[in-house]
Amino acid sequence: MRTELSTETCLKKVSLVDLAGNVFLTIIKFAAGTLANSAALLSDAVHSASDVFSTLVMYVGVKVSTKEPNKKYPYGYGKLESVTAIIMSMILFSAGAGIGISGIQKIMAGNSDNLTTPGVFALIVALLSVAIKEGMFWYIYRFGKSVNSQAMLAEAWHQRTDALASIGSVVGILGARLGFPLLDPLAAIIIAVFILKTALSIFAEAVNKIIDRAIDDELKGQIKQIIISVEGVLAVHSVRGKYTADSIRVDAGFYINSEMTVAEATEIKECVKYKLLEEIPTISYCMINAYPMKNSAANRKAALKKKLD
Ligand SMILES: [Zn+2]
């Protein structure tokens, strides 16, 4: 419950800062890009505008994915966070593609003579954008880490990429002012490449989480150790686990003495479940089965082996 509360609080703070920062940057970049003739800054402005939209998508996504499980969705809404990340990556990809194409068109259409030199106002705004975006990266990264939210961390790295893109603007504008006007649209294209790369990595990570990747052998071994350490467990029957969004689901079975009563078996099952959930906090759900070990000689052998282990 406490984690959910802090996720909620972090989300509100992060979304507010994100939204305010991007609205401000969109306005000032459009103004400076137009008034001071900078293609790089105008591209950056288009991108900031798409960021305003993606922040709204993130907010809704995280809010919905932290909702409590209910009768209709008994496993909760965790996967919706990955869905949100996929939508965000697509918005980012189209913004990047648009900026890249526009930069290429400018370079193809113009020679150095008809490209106008950007004014000093464009340079100041580009520098301001680098500072604001880097600040936003650290602000969001801190919250994302503390609540371990995939979407929030993706959003933080997005800010860092934006800061790098604005450094591209600075270089382009400065270069153009120093007598190389092609550098401004060239910077716009480099910005686009950064944006496309970020979009693809966010997409890949979200897809990886949504397709139920199996847990690794090390974690499987850890789970086996925990099960076997519970009193009454003779041997491990099977362990299966998969990642679902940011948590792990486990299916496990073990052998118990066949002369045990149902009540005793249930108690051992509950004990295994409790220990797993407590010792590996990323496990959100486990399905536990107990199997009777019939042969009493096998019983003794398994119990002895366990003692020796
Ligand atoms: Zn951005």
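We count ligands from 1, going down the list as the structure has it; atoms in each ligand are counted the same way.
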Problem - 2.8 Å shell around the Zn ion (ligand 1), exclusive bound, protein N/O/S atoms - result: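 The number of such protein atoms is 6.
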
Exercise for the section: Please tell me if the side chains of Lys242 and Val250 come closer than 4.5 Å, counting only heavy atoms from C-beta onward. Expected result: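 Not in contact.
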
Problem - Leu277/Cys286 under side-chain contact (heavy atoms from CB on, under 4.5 Å): CA gap, chis, key distance, verdict - result: CA-CA 8 Å; Leu277 291 173; Cys286 42; 4.2 Å; yes

Exercise for the section: Establish, from distance only, whether the side-chain atoms of Tyr274 and Glu278 form a donor-acceptor pair under 3.5 Å. Expected result: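 Result is yes, a qualifying pair exists.
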
Exercise for the section: If the plane angle is over 60° it's perpendicular, under 30° parallel, otherwise tilted; pick one for His237 and Tyr255. Expected result: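 Judged by the thresholds at 30° and 60°, the geometry between His237 and Tyr255 is perpendicular.
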
Handout entry: Sequence-distant partners of Glu205, side-chain hydrogen bond (donor to acceptor under 3.5 Å, both in side chains), two or more places apart
Key =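 Listed in chain order: nothing, the list is empty.
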
Exercise for the section: Flag yes if Phe180 and Met108 sit in one hydrophobic cluster, no otherwise; membership is Ile, Leu, Val, Met, Phe, Trp, Tyr, and two members link when side-chain heavy atoms are under 4.5 Å apart. Expected result: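 Yes, same cluster.
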
